[in-house]
Amino acid sequence: MAYKPKEKKEPHWKRDFPIRQDDATKITRREFAKFLCLLSGGFAAGNGFILANYFVNGKEPVKDHFVCNVQDVPAGEMIEFSLTGVRGTREIPYILVHLEDGQWRAFDQKCTHLACAVRYVKERNQIQCPCHNGWFNAETGDVIQGPPPRALPQLKVTIRDEKVFVSHFSEHENNS
Amino acid sequence: MAEPKENFNSELEFFVDMQRCIGCHACETACAECETNGQESMIHVNYVDRAHTVQTTVQVCMHCEDPACANVCPADAITKDSNDVVHSANTARCIGCSNCVLACPFGVPKKMESAELMMKCNLCYDRTSVGKKPMCATVCPSGALFYGTKEEIRKKRPQSDPVRTFKFGKQTVNTKVNVMMPKGTKEIRVY
């Protein structure tokens with residue numbers, strides 16, 4: 001006499017915790033192999049997508065982009081601005097720093113550790129990530145201290161007619 | 001040794017004849033003697049209305065087709081095997097929540113407070129799985145409990161019919177254990 005549930009479509013918790021001992025058998029080798037294949041296939045596809053996305057979209061240059069007028073940012077100050085990302089999909093926040101010695105620098109605002117917003121600290125002439133006390137060189141973006149593993153991505157700053165523009169470094173220019 | 005599945009005789013069924021119960025508690029004693037129960041009886045003799053009558057009834061687990069006790073168990077401790085026997089709570093899983101006690105329409109599972117465990121009849125699975133009869137059925141002096149084939153019980157009780165369909169309001173409960181009722185009865189309505 002077989003056990004016949006009244007409803008064919010059972011709630012999922014009934015499938016997960018069956019009353020029948022026969023239904024509660026362990027997962028089969030075939031199911032497990034299938035699961036492993038799908039999982040590793042998913043990982044491979046995901047990695048492939050990330051790589052392809054990098055090659056397709058990652059090299060799209062930031063064209064000269066007007067940020068502000070020179071007199072808007074006094075020496076020793078910074079402002080935040082954002083650029084629309086590749087293909088207009090997202091806004092990437094940046095900071096524009098006017099160093100004490102008059103130089104201009106533009107960095108990605110997201111810390112390379114866990115993407116906290118970094119800020120320029122005038123007293124030390126360094127860029128700080130307040131979340132885990134990471135410090136960056138304000139001139140080069142290199143890591144001085146703390147958890148950040150990589151230098152802050154940097155944009156090239158050009159001043160034309162008392163106006164500040166940013167753009168990506170072109171390939172033959174030295175990035176550091 | 002063959003599997004219990006193969007040794008279990010599915011032609012044999014359990015029959016309960018409530019009006020034959022004389023309240024001798026022999027079944028309880030026999031059940032408690034079984035080592036697998038830890039000397040606790042899993043069959044219960046109840047007084048119907050003790051103030052007015054000496055009538056007793058006996059309640060074994062009815063082994064429902066869709067057991068309410070197993071459905072409400074949050075710890076997945078109550079299971080049904082391939083012989084349609086609903087087993088007592090797996091002691092490694094039972095958390096003593098008493099959900100099964102509250103859910104069972106027949107009032108079968110009892111909670112052993114000292115052990116925080118649910119105890120209910122498992123049709124003497126240690127015996128029936130090797131082709132023997134349940135303890136209670138072998139000791140019952142009045143024939144209130146019987147384990148055998150339908151033909152046997154029909155010969156013994158020509159005026160009765162075994163019934164295993166119960167109606168609790170609008171809900172129908174089908175069981176593996178039969179209750180002997182006057183001839184012609186198809187189902188028992190409990191309102």
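Chain letters run A, B, ... following the sequence lines, proteins first, then strands; residues in each count from 1. FYI, side chains are in, hydrogens and waters are out, and symmetry mates aren't considered; it's all heavy atoms of this structure.
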Locate the shortest heavy-atom distance separating B:Asp76 from A:Pro18; write the atom from each residue and the value.
OD1-O, 3.7 Å
Return the minimal non-hydrogen interatomic distance between B:Asp84 and A:Arg20, and the atom names on each side.
OD1-NH1, 2.6 Å
In terms of heavy-atom contacts, does [atom1] of [X] have more than 12 from other residues, nucleotides or ligands at under 6.0 Å?
X        : atom1 : result
B:Lys110 : NZ    : yes
B:Lys150 : NZ    : yes
B:Lys155 : NZ    : no

Quick check on side-chain contact (heavy atoms from CB on, under 4.5 Å): which of B:Asn71, B:Thr79, B:Val86 does A:Ile19 satisfy it with?
B:Asn71
If hydrophobic clusters are built by linking Ile, Leu, Val, Met, Phe, Trp and Tyr wherever their side-chain heavy atoms come under 4.5 Å apart, do B:Met18 and B:Val54 end up in the same one?
no
